[in-house]
**Student:** 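Take a look at this one; I'll ask things after.
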Amino acid sequence: MNDRPAGAAGIGRAGVGDRAARTGTDVTASTAVRYALVPAPRLSLDAVARRSGLHPDLIRRFVALGLVDAERDAAGHLVFDPTAPAVLARIQRLRTGLCLNYASIGLVLDLLDRISLLEAALRDRGTRSETPPWT
């Protein structure tokens, strides 16, 4: 006979095992904390604007449209990944080369990313199409 109350899985980990059994999911995978060994370098809005040659207000508009990923730091300022200037250059090439508006550029970027993923999956499987990649 078990004298422990229902839900107490053990000392120091009350309910973790029971919760996983009830929901049918692995709790440790969803609640795992990941720590970066080295902090990822981040670029400020001014640095991205200088490197890309675009006005900061235009970059803010791209962030609002979801074309460029950005986060806010503790002071509330936008910070970007080091790849942001390359993404902005790609957006500008699509805008000038294909005469697309910014709303359709988001769709084109999503499609190009999906094509890249599919091509990478084909390469991993060892299957190759007869036509060379167009990108």
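Computed over heavy atoms, backbone and side chain alike; hydrogens, waters and symmetry mates excluded.
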**Student:** Can you name the closest pair of heavy atoms from Leu100 and Arg95 and give their distance?
**Tutor:** O-NH1, 2.9 Å
**Student:** Do you know which two heavy atoms are closest between Leu109 and Leu94, and how far apart they sit?
**Tutor:** CD2-CD1, 3.7 Å
**Student:** Could I get the full list of side-chain hydrogen bond (donor to acceptor under 3.5 Å, both in side chains) partners for Ser104, not counting sequence neighbours?
**Tutor:** Asn101
**Student:** Quick one: are Arg51 and Leu88 in side-chain contact, heavy atoms under 4.5 Å?
**Tutor:** no
**Student:** How many angstroms lie between atom OG of Ser44 and atom CG of Asp46, to the nearest 0.5 angstrom?
**Tutor:** 5.0 Å
**Student:** What pairs of residues pass the side chain to side chain donor-acceptor pair (under 3.5 Å) test when at least one of them lies in residues 73-86, not counting sequence neighbours?
**Tutor:** Arg42-Asp81
**Student:** Starting from Leu98, can I reach Leu111 by hopping between I/L/V/M/F/W/Y residues whose side chains sit under 4.5 Å apart?
**Tutor:** no
**Student:** Could you list the donor-acceptor pairs under 3.5 angstrom formed between side-chain atoms of residues 55-64 and any protein atom two or more places apart in sequence or on another chain?
**Tutor:**
| unit_1 | atom_1 | unit_2 | atom_2 | d |
| --- | --- | --- | --- | --- |
| His55 | ND1 | Asp57 | N | 3.1 |
| Asp57 | OD1 | Arg60 | NH1 | 2.6 |

**Student:** Would you check if Asp110 and Arg114 make a side-chain contact, meaning some heavy-atom pair closer than 4.5 Å?
**Tutor:** no
**Student:** May I have the step-by-step check of side-chain contact (heavy atoms from CB on, under 4.5 Å) for Arg90 and Leu112, ending in yes or no?
**Tutor:** CA-CA 11 Å; Arg90 189 178 192 191; Leu112 289 174; 3.3 Å; yes
**Student:** Any idea which heavy atoms bring Val87 and Leu67 closest together, and the distance?
**Tutor:** CG1-O, 3.9 Å
**Student:** Is there a path of hydrophobic side-chain contacts, each under 4.5 Å between heavy atoms of I/L/V/M/F/W/Y residues, joining Leu43 to Val68?
**Tutor:** yes
